[in-house]
Amino acid sequence: MKRILGAVRRADQDFSMIAPGDRVAVGLSGGKDSLVALCALARYRDFSPRPFSLRAITLTMGLEPFDLAGVRRLCDQLAVPYDVVETSIGRVVFQQRAEKNPCALCARMRRGALVGWCAQNGVNRLALGHHRDDALETLLLSMFYEGRLHTFHPVTDLAGSGVTQIRPLIYVAEKEIIGCARALRLPVVPSPCPAAGRTARRDMKELLNQVCRTIPGARDQMLSALKNAAQYGLWDSCSGKD
């Protein structure tokens with residue numbers, strides 16, 4: 001956790017993620033990434049030079065099974081208020097719409113629901129668990145499937161909502177998150193998503209693994225390329241748009 005906290009602190013400094021008095025909510029999917037983000041921010045809250053409050057929210061997707069008892073106990077241990085909001089997003093995407101490529105619609109609906117909840121509850125920062133590898137996989141997806149250079153920004157102002165989306169794990173490698181989740185014995189909830197493990201993003205993860213077997217430092221070099229590509233509007237020190 002010490003390395004992850006250092007990465008969170010550096011991300012906060014580099015991208016001005018959190019300001020004094022911010023009201024931050026962590027979007028908890030129940031997966032390892034968001035749970036580690038919650039634990040890291042709960043500890044960072046204790047020594048951050050800019051005091052902030054912290055809470056957490058989970059959207060149910062209308063897909064079963066989805067047992068959140070362990071997540072609720074973790075939030076209680078961390079002294080983080082926790083809300084669970086019932087939705088039917090999963091049923092809409094997979095049953096009513098029967099989307100062939102469900103991930104984009106699901107992500108838009110989930111973000112809309114999260115942002116709406118934040119706005120209604122006085123939350124001005126929405127923290128997500130996306131990490132370094134997610135950013136690199138998104139870059140590959142945009143190149144190969146959209147023909148453009150694009151990935152999500154560490155800080156995104158969501159226009160007209162009063163909510164800013166932040167990704168405090170942006171410098172953290174997925175392997176570090178896996179190790180941390182195991183070491184802390186976090187209550188990871190298996191994803192009920194019917195498309196889990198069968199997406200184009202999974203293909204990009206495998207491609208990135210193949211590249212790194214040939215070029216061991218490829219992930220670090222790609223991250224540096226993102227930071228150095230301000231002329232393309234990928235990453236800079238200002239808020240961006242996904």
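If you're wondering where the values come from, they're calculated on a predicted model, not measured in any experiment.
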Problem - Nearest-0.5 Å distance, CD of residue Glu206 to CG of residue Leu208 - result: 11.0 Å

Problem - Sub-4.5 Å side-chain heavy-atom contact between Arg125 and Met17 - result: no

Problem - Distance under 6.0 Å and angle within 45° of ring axis: Arg23 vs Phe52 - result: no

Handout entry: Heavy-atom side-chain contact between Ile166 and Leu126 under 4.5 Å
Key = no

Practice task
Side-chain contact test, heavy atoms from C-beta onward, threshold under 4.5 Å: evaluate it for Leu35 versus Leu74 and give yes or no.
Solution key: yes

Problem - Lys32 vs Arg182 side-chain heavy atoms within contact, under 4.5 Å - result: no

Handout entry: Side-chain ion pair, Asp22 and Arg50, N-O less than 4.0 Å
Key = no

Practice task
Would you indicate whether the side-chain heavy atoms of Arg148 and Met143 approach each other to under 4.5 Å?
Solution key: no

Handout entry: Backbone N/O of Trp117 and side chain of Gln120: donor-acceptor pair under 3.5 Å
Key = no

Exercise for the section: With rounding to the nearest 0.5 Å, note down the distance linking CE in Met109 to CD1 in Ile89. Expected result: 5.0 Å

Practice task
Using the test salt bridge (Lys or Arg N to Asp or Glu O under 4.0 Å), find all partners of Asp220 that sit at least two apart in sequence or belong to another chain.
Solution key: Arg132

Completion exercise
All heavy atoms of Leu28 vs all of Cys75, minimum pair found to be CD1-SG, 3.9 Å

Practice task
Please answer whether the main-chain N or O of Ala159 pairs with a side-chain N or O of Asp157 as donor and acceptor at a distance below 3.5 Å.
Solution key: no

Exercise for the section: Measure from NZ or CZ of Arg72 to the centre of the six-membered ring of Tyr82 and say whether it is under 6.0 Å with the direction within 45° of the ring axis. Expected result: no

Practice task
Indicate yes or no: at least one non-hydrogen side-chain atom of Val26 is less than 4.5 angstrom from one of Ile57.
Solution key: no

Exercise for the section: Could you please spell out the steps behind the side-chain hydrogen bond (donor to acceptor under 3.5 Å, both in side chains) verdict for Thr87 and Arg110? Expected result: CA-CA 9 Å; Thr87 83; Arg110 284 187 290 111; over 6 Å; no

Practice task
Working to the nearest 0.5 Å, report the span between CZ of Arg43 and CD1 of Ile4.
Solution key: 9.5 Å

Exercise for the section: Step by step, work out the salt bridge (Lys or Arg N to Asp or Glu O under 4.0 Å) result for Glu137 and Arg202. Expected result: CA-CA 9 Å; Glu137 291 158 16; Arg202 171 62 61 177; over 6 Å; no

Fill in the blank from the handout: The salt bridge (Lys or Arg N to Asp or Glu O under 4.0 Å) partners of Asp83 (sequence neighbours excluded) come to Arg55

Problem - 4.5 Å side-chain heavy-atom contact, Met61 and Cys106 - result: yes

